[in-house]
Amino acid sequence: MVIQKELEQWFFKITDYAEELLQGLTTLTGWPERVLVMQRNWIGKSLGVEVDFPLAEPKPDLPAIRIFTTRQDTIFGATFMSVAPESPLVERLIEGRSQAAAVREFVVRVSRQDKAVRTDADREKEGIFTGAYAVNPFTKARIPIWVANFVLYEYGTGAIMAVPAHDQRDFDFAKQYGIPIKLVIQNPAGSLAEDHLDDAYEEQETAGRLVNSNRFSGLSVPEAKTKIAAFVEEQRLGRRTVNYRLRDWGLSRQRYWGTPIPMIYCRACGVVPVPERDLPVELPKDVPFTGKGSSPLAQVEGFVQAACPKCHGPARRETDTMDTFVDSSWYFLRYCSPQADRQPVDPAASDYWMAVDQYIGGIEHAVLHLLYARFFTKVIRDLGLTKADEPFLNLLTQGMVTKETYRCATHGWLLPGDLLGSEGEGWRCATCQGVAQKGRVEKMSKSKKNVVDPERLIDTFGADTARLFSLFAAPPEKDLEWSDSGVEGASRFLNRVWRLLGDLAGTLSAERGTLNQREAEPVAPQVLEIRRLTHRTIKKVTDDIERDFQFNTAIAALMEFVNGLYKFAAERHADRPGNPAPGEAAAFGEAAEALVLLLAPFAPHVAEELWEVLGRAPSVAQQPWPPYDPALVASERLTIPIQVNGKLRSKVEVPADSTEEHVLAMAKQDAKISEWLQGKPTRKVIYVEKKLVNFVV
RNA sequence: GCGAGAGUGGCGGAACUGGCAGACGCGCGAGACUUAGGAUCUCGUGGGAAACCGUGGGGGUUCAAGUCCCCCCUCUCGCACCA
């Protein structure tokens, strides 16, 4: 059973930074849009006004109820007010009234409800009349004050003006309790009738006009918002206000693992912070975990008992620990100067290292961790310990690993090892032989049992295969669907690389170095082709890694490279057994080295061994990234697609430096093309250099 | 409901600024080598007999659209009584 208790807790005043945390988002150009949106929503800034609604029977210390609204344009339609059940106003409003007992009972019932139930959007709207009335300051009408379950005590002022005609929640509530509805905005068609409304008219963007609103009638919604807000201030009824959805960060946890909150409670002096010389407060080692009651630390008398730093009398320590998000909010700053012992961050070191150029994490941290880390950075900056305004310049939110699920009617979710059968013949449960249903692809989890055993994976295929597959299966920001046959494919590729280099290694060493003399002698065409492939691959892999970590296409390029090298090797054996063209072995040598270097980030262990196979000194990890020769990246000959009326009809091969005239001439000579062009006047010829020709006939 | 992202072969995914759609891998098919193959190698593999048709659907711009514009559908994620 879960019981709600009120606890006294510690908070960080993150709300002081709400505006800066919001504004800072515009500078985070290296962050994914959806993370920015989530943070913007989380901060939830809204502009509105606070207005005092005088009580019909004012009390000396409570003359009015203050509300917050963003829809001041509808204020003439406010026909009642609602107050949050938790609000202390409730008690003040009902005191001495006949309704008091019933209202108290309602408040108790609502506050007992589970928070999850209460915050459910479909929750039924419920309320109770307090017996008290207020005066709408614009219409001077006497309006009843209700307690309503949907009004949030934590947001705004904990009390609202209710405009049933233009707010769906108020509309539902008014309908339920028979409260009058007053129309104050008419739609452009003029079709809204106060007594026949099916729903609240909440539209603000279209050209609705104010009605029944005195001197403000006829204005559009935006005009009315501005004018009424100004009027409220002129008349001293209230003021323009900014509200944030963001709440202060409650950091107290009734757990052991976490940083102790360095506070001491003294009967005489109150709450006293632990003085700096006594920091850090360390967690005691010997703690009983009973699993019940309060914080584990509260059980440790030796920890709890302390002397008051002020009066040195007996006092008690805070026994709650901090939310572990506190630690992850500034570790990157601490990493800049882990040895600094006088302060948490050495400003010089922080200025050198910060901000973090590239941050990688799961999307689940979009709001909490990434907002808290931004908050801490700003606080630490304001303490003068760093100049960074923002901690992370570029953010990559990598996807989750997913896998299909299997379920047996009697045994529930099944581990891959508890499955019999195959995709074709269907799946069965290994325990009961019953039918196993293949379910959705979901995030790997222990509960759904759609997991792979890393031990077995590594025993069978090795860590390189697992890594290579993970990087190849999807771009990093997308979810990765685990596939056993895909893993086999990755393993097959590494084996192909292994065999290729093993075959080549023997013949390579003899001719190393001849590449350097390539200017001196004519180069055989196949040598040039091998070298072109090599340099094009280096460029492709380099570009793909630098362009948003597109490891999947980088690995695809390596696979193409290997396929190409096999082809060249096979041709060599077929055409010129034992008789290589000048420089051919050297070109293969260059290719082999590049292959190993490019493969190293994706399959470091295999690459390290291959580096040795090539007879090079360890370690491949110490080698510079291979450069490419731009001259070798460009092809010598191009295949130009030829279209007629935008449809592909043929292709011609031309030297890369061909002029437009030459390409067009070649195209017209092409047998298929000349057939298509025959007898029809060519109206237009589109020529895109090195790309394509299109005849419009 | 609001916001963001995405829809491409049997599957995972390529296609950067409009210019050969389907790279690469899986799967599948055929063949080779084999006592054997769930190893390896080679070839093929969007649909269609073909003309042609094909990037969720429908319009549009353009010589040319997966890519740009308009409308619609579906899915995933986030927020959700925030006044």
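No experiment lies behind these values; they were computed from the predicted model shown. Proteins come first, then strands; the chains are lettered A, B, ... in the order of their sequence lines, and each starts at number 1.
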*Check the distance between B/C11's C1' and A/Asp484's CG and give it to me in whole angstrom.*
14 Å

*Take atom CH2 of A/Trp146 and atom P of B/C81, then tell me their distance rounded to the nearest Å.*
22 Å

*Is any side-chain heavy atom of A/Trp482 closer than 4.5 Å to a side-chain heavy atom of A/Val487?*
yes

*Grab the CG-P distance between A/Asn243 and B/C81 for me, whole Å please.*
16 Å

*Side chain of A/Ala474 - closest among B/U40, B/A4, B/G13*: B/G13

*Do A/Arg239 and A/Glu233 meet the salt-bridge criterion of a basic N to acidic O distance under 4.0 Å?*
no

*asked:* Please determine whether a side-chain nitrogen of the Lys or Arg among A/Asp16 and A/Lys13 lies less than 4.0 Å from a carboxylate oxygen of the Asp or Glu.
replied: yes

*For the side chain of A/Arg169, starting at C-beta, report the closest nucleotide among B/A83, B/C79, B/C24.*
B/A83

*Choosing from B/A4, B/C41, B/C26, which nucleotide comes nearest the side chain of A/Arg499?*
B/C41

*Could A/Glu154 and A/Arg245 be called an ion pair, given the rule that one side-chain N must be under 4.0 Å from one carboxylate O?*
no

*What is the nucleic acid contact for A/Pro475, judged by heavy atoms within less than 4.0 Å: base, sugar-phosphate only, or nothing?*
sugar-phosphate

_Roughly how many Å apart are B/G13 and B/G29, using the P atom of each and rounding to a whole number?_
24 Å

*Find the partner of B/U62: check Watson-Crick (N1-N3 plus N6-O4 or O6-N4) and G-U wobble (N1-O2, O6-N3) distances, both under 3.5 Å, and reply none if neither fits.*
none

_Can you check the distance between B/G18 and B/U74, where both ends of the measurement are the P atom (answer in whole Å)?_
31 Å

_Check this one for me: any side-chain N or O of A/Arg34 less than 4.0 Å away from OP1 or OP2 of B/C79?_
no

*Look at the aromatic rings of A/Tyr372 and A/Trp249 and report parallel, tilted or perpendicular, splitting at 30° and 60°.*
parallel

_Whole-Å P distance, B/A15 and B/C63_ = 28 Å

*Please measure how far the C1' atom in B/G66 lies from the corresponding atom in B/C20, and state the result in whole Å.*
14 Å

*Would you confirm whether the ring centroid of A/Phe173 sits within less than 6.0 angstrom of the ring centroid of A/Phe150?*
yes

*Within the structure shown, what part of the strands sits under 4.0 Å from A/Val696 by heavy-atom distance: base, sugar-phosphate, or nothing?*
sugar-phosphate

*For the pair made of CG in A/Leu648 and P in B/A65, what is the distance, rounded to whole Å?*
13 Å

*Is the distance from OP1 or OP2 of B/C52 to the nearest side-chain N or O of A/Lys647 less than 4.0 Å?*
no

_Can you tell me whether the side chain of A/Lys125 and the base of B/C81 have a donor-acceptor pair closer than 3.5 Å?_
yes

_When both hydrogen-bonding distances must be under 3.5 Å and the geometry is Watson-Crick or G-U wobble, what is B/C16 paired with, if anything?_
none

*Using a 4.0 Å heavy-atom cut-off across all strands, classify A/Gln168 as base, sugar-phosphate, or nothing.*
nothing

*Just compare B/G19, B/C24, B/C82 and give me whichever is closest to any side-chain atom of A/Gln643.*
B/G19

*Above 12 or not: heavy atoms from other molecules or residues under 6.0 Å from CZ of A/Arg247?*
yes

_Complementary nucleotide of B/A49, counting Watson-Crick and G-U pairs under 3.5 Å_ = none

*Could you tell me whether the phosphate oxygens of B/G78, OP1 or OP2, come under 4.0 Å of any side-chain nitrogen or oxygen in A/Arg40?*
no

*asked:* Please name the nucleotide paired to B/G31 by Watson-Crick or G-U wobble geometry with both distances under 3.5 Å, or report none.
replied: B/C41

_Need one value for A/Thr69: base, sugar-phosphate or nothing, where a base atom within 4.0 Å counts as base even if backbone is also close, heavy atoms only._
sugar-phosphate

*Look at all strands and tell whether A/Asn552 reaches a base, only sugar-phosphate, or nothing, counting heavy atoms closer than 4.0 Å.*
sugar-phosphate

*Expressed in angstrom and rounded to an integer, what is the separation of A/Lys45 atom NZ from B/A83 atom C1'?*
18 Å

_Quick check for you: among B/G19, B/G5, B/A80, whose closest atom lies nearest to any side-chain atom of A/Val688?_
B/G19

*Write down the partner of B/A36 under the Watson-Crick or G-U wobble criteria, each distance required to be under 3.5 Å.*
none

*Expressed in whole Å, how much space separates the P atoms belonging to B/G7 and B/U55?*
14 Å

*asked:* Under 3.5 Å, is there any donor-acceptor pair linking the side chain of A/Asn694 to the base of B/C63?
replied: yes

*What integer distance in Å separates A/Phe173:CZ from B/A83:P?*
19 Å

*Could you verify whether a donor N or O on one side chain and an acceptor N or O on the other, from A/Gln168 and A/Asp199, lie under 3.5 Å apart?*
yes

*asked:* With rounding to the closest Å, how many angstrom separate the P atoms on B/G59 and B/U42?
replied: 46 Å

_With a 3.5 Å cut-off and heavy atoms only, can you find an N or O donor on one side and an acceptor on the other between the side chain of A/Arg496 and the base of B/C41?_
no

*Considering only the C1' atoms, how many Å lie between B/G12 and B/G22, rounded to the nearest integer?*
13 Å

_A/Tyr155 versus A/Ser46, side-chain donor and acceptor atoms under 3.5 Å_ = yes

_From B/A83, B/G78, B/G12, nucleotide with atom closest to A/Met38 side chain_ = B/G78

*Could you check whether A/Ser46 gets within reach of a base, just the sugar-phosphate, or nothing at all, counting any heavy atom under 4.0 Å?*
sugar-phosphate

*Checking all strands, does A/Arg492 fall into the base, sugar-phosphate, or nothing category for heavy-atom contacts under 4.0 angstrom?*
sugar-phosphate

*Within the structure shown, what part of the strands sits under 4.0 Å from A/Arg649 by heavy-atom distance: base, sugar-phosphate, or nothing?*
sugar-phosphate

*asked:* At 4.0 Å (heavy atoms only), tell me whether A/Gly44 reaches a base, stays on the sugar-phosphate, or touches nothing.
replied: nothing

*Check every atom of B/C24, B/A15, B/C79 against the side chain of A/Thr553 and return the nucleotide holding the closest atom.*
B/A15

*Report the base-pairing partner of B/U67 (Watson-Crick or G-U wobble, both distances below 3.5 angstrom), or none.*
none

*According to a strict under-4.0 Å criterion, is A/Lys651 in side-chain N/O contact with OP1 or OP2 of B/C20?*
no

_Residue mapping more 5' on RNA chain B - nearest nucleotide basis, A/Phe68 or A/Val37_ = A/Val37

*Over how many whole Å does the gap from A/Asn563 atom CG to B/C41 atom C1' extend?*
12 Å

*Where does B/G44 land, syn or anti, given syn is within 90° of 0?*
anti

*From A/Arg240 CZ over to A/Leu47 CG, what is the distance, rounded to the nearest 0.5 angstrom?*
10.0 Å

*Which whole number of Å gives the distance between the C1' atom of B/G1 and that of B/G47?*
41 Å

_Residue matched to B/U55 through Watson-Crick or wobble contacts both under 3.5 angstrom_ = none

*asked:* Can you measure A/Asp543 atom CG to B/A14 atom P for me and round it to whole angstrom units?
replied: 17 Å

*B/A83, B/C63, B/A15: which one has an atom nearest the side-chain heavy atoms of A/Tyr155?*
B/A83

_Nearest-nucleotide comparison on RNA chain B, the residue closer to the 5′ end among A/Ser483 and A/Val367_ = A/Ser483

*Please work out if A/Asp172 contacts a base, only the sugar-phosphate, or nothing of the nucleic acid, heavy-atom cut-off 4.0 Å.*
nothing

_Could you tell me the Watson-Crick or G-U partner of B/G3, where both distances fall under 3.5 Å? Say none if there is no partner._
B/C77

